Amino acid sequence: MEAYIEILNNMQKEAVLCTEGPLLILAGAGSGKTRVITNRIAYLIKEKGVSPKSILAITFTNKAAAEMRERVEGLVGMDAGGAWISTFHSACVRILRMYSHLIGYDNNFTIYDTDDQKTVIKNICKKFEIDTKRFKEKWFMGQISSAKDELISEGQFELDASGDFYLEKVARVYTEYQKELKRNNAFDFDDLIVKTVELFKQHPDILERFQERFRYISVDEYQDTNTAQFVFVSLIAKKYQNICVVGDDDQSIYKFRGANIGNILNFEKVFPKAKVIRLEQNYRSTQNILDAANNVIKNNKNRKAKKLWTENDAGAMIKLFHVENSYVEADRVVSQIKEFVDEGYKLNDCACLYRTNAQSRALEEAFLRANIPYKIVGGVNFYQRKEIKDVLAYLKTIDNARDDVAVRRIINVPKRGLGAAAVNAVQRVADDREINFFAAIDDGVNEGLFGKPGEKLREFRNMIEDLKESASQISLHELMDEVLEKTGYLKELEAENTVEAQTRIENIDELINKAVSYEDSADDPSLSGFLEEVSLIADIDSWSADSDYVSLITVHSAKGLEFTNVFLCGMEDGLFPMNAAICSEDETDLEEERRLAYVAITRAKKNLIITASRMRMVRGETMVSIISRFVREIPVDLIEPDRENIYVASKPSEYNGGLPSKRASKEEFFRKPYASSAAEKKFSSGEKAALEYKEGDRVAHMKFGEGIVAKIVDGGRDYEVTVDFDDVGTKKMFASFAKLKKV
DNA sequence: CTCCTTTGTCTTTTT
DNA sequence: GACAAAGGAG
């Protein structure tokens, strides 16, 4: 037997060899499920002679998809190009690109992200005179999205809503929203799945084409699929029934966006002949870490009972740092990482996990101060930044002028004297004639309907038409250069001459790089193709393994990853679990948080360090909290007493509350054992902090490396520092942003 | 029409 | 505390 099968345990082997018929694999954390899926695909191709073209493998994130493709190709020893290894969303996009004309869209549709959705909803509310203070756009978006997750169409929603004041309102907005999207030739994220299902249902011949093509289907992270996604795969799998789903109900953490744990139970109903295989041996973590995880998750009532076990050693005790504030927390993380490095670990072995993105800040500052390379994984999406969205809006306008949201976004960016008045005039024409926004500009300009802003609108229209002309002749990145040039966007940024503007230009350069690499890698590069790739990708940083850095990451994004040393930060009641879950009447909300904690703990291979802070700034207010109930569910004998902190006792009774025995005085709380720029910012009340370096000093910058301070100018609110860097030349920057460190 | 100030909202989590 | 949206002055 082949080596890649030989190394598997019996259950894993069974799963890999079971290629025909429906298969449900219940795989605990760290039980090698990714290996099973990839080896199974390799086995299909190599031993069973299945063509890669017949394979559809669905993963949850683009990163996971790329990784799976790489691993499969490594095993198969060939290009698995014919196989579709992708997320639900990108698989559906590919299908819709071929056939969406059959359901009334153009095949070059655009994809709306949450911001675009919000813009559309906002306009609808204005039109319907809905007070967005009482009914938030977000609320409508949530309602519509949940409906789509359950495949409830706007028509169905209207029927169900009748009689209910609130639901009727939602129904009206939902219906109008879908109309608007169609008019704009756009899909939102949920639509990608919903409309593909619609396509399959309306056109059985198309469905059959895909049933014939994808005879072998697998779905990773099955516990996180929603109803629409489940229907999508089961439609394709219906004919040949070769569908393998892998999931773990304990790791279901996306209920909030419609994930339906019921899909695990439903699987055996929809596919009655399904075989069920359990993978319960954990290869990842030490016994202690696994014990901790098991003791936490066992408090959930709604779960399939299972016993995850390991042959690994007990390993190190779990460390618990209970500190006074988030700055100390971050500094203790940093010093522990330094210890790990001294012991021979690499920075890549270490990751800081947290519940909310906001927590990354304090950590980030501590890493900067300590000069330790780090990388925020996920976080504020690259593609959500203003400058990126602006450039993309131009490209979208050029690609598909039916996209009103894009056109309206850039009509006055950079400023060209086309404000609200002009936009309203155009919109009136568009509404009257029931045409899209750009067409209304065109008509109005030709017929001279606009009066004063008419000339400016004409210029705008001509510019877009020129760019369209160019788009058909030059390459993508050349087009982007031309857009930046002709629109004056770049010039405006350059004129600003600030550090922020500089970063924006760098971000745009990054986008152009991305375009170049897209052009190099895509079979048939096109503007639409690029826009599509970009709209479905969560973060630009594709995990470069070559450099050494600490990962800062939310627990949600850490799912599916593993690290030797894991710091689980901010384990306090109110933060993790969040207050909303603690107060919720629905007890499954707290269970979801607990599953999240379980996911976090099981990311760790060797060392788990849990940190909690007594006080923390949340929304500009100081919150006082006790140690997370999830930490208290871990048996005390697995936790090493923290010698640096007198408050944490090893006796369970004392360790329970976690509050300081006496009320900490103000001085005590704000005592700063380590320098903290954030703390300084707060207490200097507007006064800029003194610099630790002077002209002629040698300083280090996080990104630019080391250099010599050439000049310091007191710019009022901040110092303007000019530095001659060894590698990147002279840069001018503001002291508070640059965070320079004397060396 | 644009710039500046003030006000209000937000913090779950992602495709 | 940070940022976007709304409102007011020029």
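Each chain gets a letter, A, B and so on, in the order the sequences are listed, and its residues count up from 1. In this text the structure is predicted, and so the values were computed from the model without any measurement.
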With the side chain of A/Tyr254 defined as its heavy atoms from C-beta on, choose the nearest nucleotide among B/dT15, C/dA4, B/dT13. B/dT13
Can a salt bridge be assigned to the pair A/Asp248 and A/Lys33 using a cut-off of 4.0 Å between side-chain N and carboxylate O? no
I'd like to check the salt bridge (Lys or Arg N to Asp or Glu O under 4.0 Å) partners of A/Glu364; sequence neighbours left out, ordered by chain and number. none
Using atom CG of A/Asn357 as one end and atom P of B/dC10 as the other, report the distance to the nearest whole Å. 17 Å
Please indicate yes or no: is the ring centre of A/Phe256 less than 5.5 Å from the centre of the six-membered base ring of B/dT13, with the two planes inclined by under 30 degrees? yes
Partner of B/dT13 under the Watson-Crick or G-U wobble criteria, both distances under 3.5 Å, comes out as none
What is the separation between atom CZ on A/Phe88 and atom P on B/dT15, rounded to the nearest whole Å? 14 Å
Taking atom C1' of B/dT15 as reference, at what distance in whole Å does atom NZ of A/Lys195 sit? 18 Å
So which nucleotide from C/dA4, B/dT13, C/dG1 ends up closest to the side chain of A/Lys386? C/dA4
Please give, in whole Å, the distance from B/dT14 C1' to A/Asp149 CG? 12 Å
Find the distance A/Asp224:CG to B/dT15:C1' and express it as a whole number of Å. 12 Å
Is any side-chain N or O of A/Thr554 closer than 4.0 Å to OP1 or OP2 of B/dT14? yes
Just call it for A/Lys255: base, sugar-phosphate, or nothing, with non-hydrogen atoms closer than 4.0 Å on any strand. nothing
Would you please indicate yes or no on a ring centroid separation below 6.0 angstrom for A/Phe210 and A/Phe200? yes
What's the closest nucleotide to the side chain of A/His89 if the choices are C/dA5, B/dT13, B/dT15? B/dT15
Just the rounded figure in Å: distance from P of B/dT14 to CD1 of A/Ile553. 9 Å
Between A/Ser613 (side chain) and A/Met615 (backbone), is there a donor-acceptor pair under 3.5 Å? yes
Let me know the distance between CG of A/Asp115 and C1' of B/dT15, rounded to the nearest Å. 14 Å
Candidate pair A/Glu591 and A/Thr588, rule side chain to side chain donor-acceptor pair (under 3.5 Å), full reasoning: CA-CA 5 Å; A/Glu591 297 210 338; A/Thr588 64; over 6 Å; no
Report the residue (A/Thr87 or A/Lys138) whose heavy-atom-nearest nucleotide on DNA chain B is the more 5′ of the two. A/Lys138
Counting primed atoms plus P, OP1 and OP2 as sugar-phosphate and everything else as base, spell out the protein contacts along nucleotides 1-8 of chain B at 4.0 Å heavy-atom distance: B, S or - for each nucleotide, 5' to 3'. SSS-----
With sugar-phosphate meaning primed atoms plus P, OP1 and OP2, does A/Thr61 contact a base, only sugar-phosphate, or nothing at under 4.0 Å between heavy atoms? sugar-phosphate
Rounded to whole Å, please give me the gap between NZ in A/Lys389 and P in C/dA4. 12 Å
Row check, A/Phe109 ring normal vs A/Arg97 NZ/CZ: under 6.0 Å, within 45°: yes
Please check if any side-chain donor atom of A/Asn107 sits under 3.5 Å from a side-chain acceptor atom of A/Ser100, or the reverse. yes
Short question: side chain of A/Glu562, backbone of A/Ala604 - any donor-acceptor pair under 3.5 Å? no
Given C/dA6, B/dT13, B/dT11, identify the nucleotide with an atom nearest to the side chain of A/Lys122. C/dA6
